[in-house]
Amino acid sequence: MSLLGQTTEGGHASVRAASIPNAASDRVLGRWLVGCSGLVLGAVVLGGVTRLTESGLSMVDWHLVKEMKPPRSEAEWEDEFSKYKQFPEFKIMNHDMTLTEFKFIFYMEWGHRMWGRLVGLAYVLPTVYFWKRGYFSRSMKPRVLGLCGFVVFQGLLGWYMVKSGLEEKTESHDIPRVSQYRLAAHLGSALLLYCSSLWMGLTLMLPANKIPDSRNLLQLRRFAKVTGGLVFLTALSGAFVAGLDAGLVYNSFPKMGERWIPDDLLAFSPAIKNVFENPSTVQFDHRILGIGSLTAITGLYLFSRRVHLPRRAKIAIGCLTAMAYTQVVLGISTLLLYVPTPLAATHQSGSVALLTFAIWVLAELRKVVK
């Protein structure tokens with residue numbers, strides 16, 4: 001009887017032990033979160049292509065379940081097209097659009113929205129499963145709940161952004177477009193979700209490097225954090241360039257037209273308004289931030305050579321540096337060729353790739369918790 005009690009007690013202990021987070025469960029969670037970040041990356045890339053093909057305003061309604069099924073019959077397509085005709089984009093820009101052309105932009109936006117729903121399911125359903133199985137530590141539970149809440153917020157923010165492009169602006173006959181502020185908020189929140197998921201995933205998957213503390217290492221960590229923040233800010237400024245079509249204002253490099261600093265840099269009043277609403281200023285700022293990011297990353301690479309780092313950390317910094325120069329070449333080429341869609345989409349994707357390597361570098365240089 002005593003032996004049975006020990007067995008039963010031992011059985012309970014083994015069950016409890018299996019539910020406690022350990023190295024194996026951390027790797028599982030790490031792979032899941034890195035996979036989720038990959039889906040967010042896909043959503044960002046698809047969103048960029050949707051904007052570049054001017055497809056984002058083709059779906060004028062938002063329904064969580066109903067719109068998951070696209071039109072099937074000709075009558076349903078005609079009904080959807082007639083809804084689109086009631087809004088500014090059709091009236092001002094696409095008044096001669098055919099139903100076939102409408103189907104293309106509709107499917108682009110529909111694909112983007114469906115991908116967003118896939119992202120939501122990829123976060124929420126595994127969270128429920130892992131929670132029940134006891135995979136999450138106490139400190140990780142609120143972070144995972146935060147990620148799930150952020151996914152929902154991101155979907156609502158996307159519709160809030162689209163609404164700004166559907167509004168009638170009687171005082172303006174400009175090309176209908178979404179608010180650059182809402183576009184930047186939508187992209188910024190997606191990038192935050194991406195960075196958070198990737199960071200959590202990598203730190204769970206990759207064992208921390210045991211690098212001896214030194215003054216140079218502390219400076220390198222700080223330098224890497226500042227550089228990562230600059231890369232994020234540069235990517236975010238791209239949303240204002242996209243929202244205002246600022247890439248079509250000055251298609252020359254390194255000068256903007258005939259000048260280093262354009263005449264219309266402070267054309268709007270008050271002056272702060274130029275930073276967010278003047279296409280010339282927005283492009284100028286994006287150039288400065290891009291060059292600043294490249295300079296910082298080059299400096300990080302050179303400084304890292306003075307620190308004894310593990311091989312994995314050196315590879316991460318090397319990849320970040322190579323991607324930075326590639327991204328600058330892509331940006332200049334996009335500008336000089338008047339923003340062709342494939343090249344512009346590649347440049348937008350490159351910004352997220354650069355951010356990815358920056359997060360990897362930070363994960364490799366993180367301090368070991370004692």
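Along the sequence shown, the residues carry numbers beginning at 1.
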Give, for atom [atom1] of [X] and atom [atom2] of [Y], the distance between the pair rounded to the nearest 0.5 Å.
{"X": "Cys319", "Y": "Trp360", "atom1": "SG", "atom2": "CH2", "result": "4.5 Å"}
{"X": "Thr203", "Y": "Ile359", "atom1": "OG1", "atom2": "CD1", "result": "10.5 Å"}
{"X": "Glu54", "Y": "Glu89", "atom1": "CD", "atom2": "CD", "result": "6.5 Å"}
{"X": "Leu41", "Y": "Ser349", "atom1": "CG", "atom2": "OG", "result": "7.0 Å"}

message: Using a 3.5 Å distance criterion without hydrogens, assess whether the side chain of Ser196 forms a donor-acceptor pair with backbone atoms of Leu193.
response: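 Checked: no pair found.
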
query: Between the main-chain N or O of Ala267 and the side-chain N or O of Asn274, is there a donor-acceptor pair closer than 3.5 Å?
result: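 Confirmed, Asn274 side chain pairs with Ala267 backbone.
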
Indicate, with yes or no, if [Y] and [X] share a hydrophobic cluster defined by side-chain heavy-atom contacts under 4.5 Å among Ile, Leu, Val, Met, Phe, Trp and Tyr.
{"X": "Leu354", "Y": "Leu294", "result": "no"}
{"X": "Val339", "Y": "Met93", "result": "no"}
{"X": "Leu365", "Y": "Leu206", "result": "yes"}
{"X": "Leu302", "Y": "Ile317", "result": "yes"}
{"X": "Phe223", "Y": "Val231", "result": "yes"}

field: Pairs satisfying ring-ring contact (aromatic ring centres under 6.0 Å, His included), at least one member in residues 32-51, at least two apart
entry: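 As it turns out, the ring-ring contact (aromatic ring centres under 6.0 Å, His included) pairs with a partner in residues 32-51, which skip direct neighbours, are Trp32-Phe130.
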
- prompt: Could Arg259 and Asp264 be called an ion pair, given the rule that one side-chain N must be under 4.0 Å from one carboxylate O?
  reply: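 A salt bridge is absent here (no side-chain N lies under 4.0 Å from a carboxylate O).
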
- prompt: Is it true that Glu109 and Arg113 have a side-chain N and a carboxylate O under 4.0 angstrom from each other?
  reply: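 Salt bridge present between Glu109 and Arg113.
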
Taking C-beta and beyond as the side chain, do [X] and [Y] meet within less than 4.5 Å on heavy atoms?
{"X": "Gln219", "Y": "Arg215", "value": "yes"}
{"X": "Val275", "Y": "Val282", "value": "no"}
{"X": "Gln154", "Y": "Val40", "value": "no"}
{"X": "Leu183", "Y": "Arg51", "value": "yes"}
{"X": "Leu309", "Y": "Leu220", "value": "yes"}
{"X": "Trp77", "Y": "Leu99", "value": "yes"}
{"X": "Leu362", "Y": "Lys225", "value": "yes"}

Considering all heavy atoms, the nearest Phe106-Met59 contact: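 Minimum heavy-atom separation between Phe106 and Met59: CE1-CG, 3.5 Å.
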
Heavy-atom neighbours of [X] [atom1] exceed 12 at 6.0 Å:
{"X": "Lys163", "atom1": "NZ", "result": "no"}
{"X": "Tyr160", "atom1": "OH", "result": "no"}
{"X": "Ile261", "atom1": "CD1", "result": "no"}

Parallel, tilted or perpendicular: which one describes the rings of [X] and [Y], with boundaries at 30° and 60°?
{"X": "Tyr129", "Y": "Tyr135", "value": "tilted"}
{"X": "Tyr181", "Y": "Phe240", "value": "perpendicular"}
{"X": "Tyr84", "Y": "Phe90", "value": "perpendicular"}

query: What residue pairs, at least two apart or across chains, pass side chain to side chain donor-acceptor pair (under 3.5 Å) with a residue in residues 286-306?
result: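 Non-adjacent pairs meeting side chain to side chain donor-acceptor pair (under 3.5 Å): Thr234-Ser293, Ser237-His286, Gln283-Arg287, Thr298-Tyr325, Tyr301-Arg305.
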
query: Checking Lys103 against Tyr107: charged group under 6.0 Å from the ring centre and within 45 degrees of the axis?
result: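 No, cation not above the ring by the 6.0 Å, 45° rule.
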
task: Let me see the working for Ser137 and Ser139 under side chain to side chain donor-acceptor pair (under 3.5 Å), right down to the final yes or no.
output: CA-CA 5 Å; Ser137 64; Ser139 63; 3.3 Å; yes

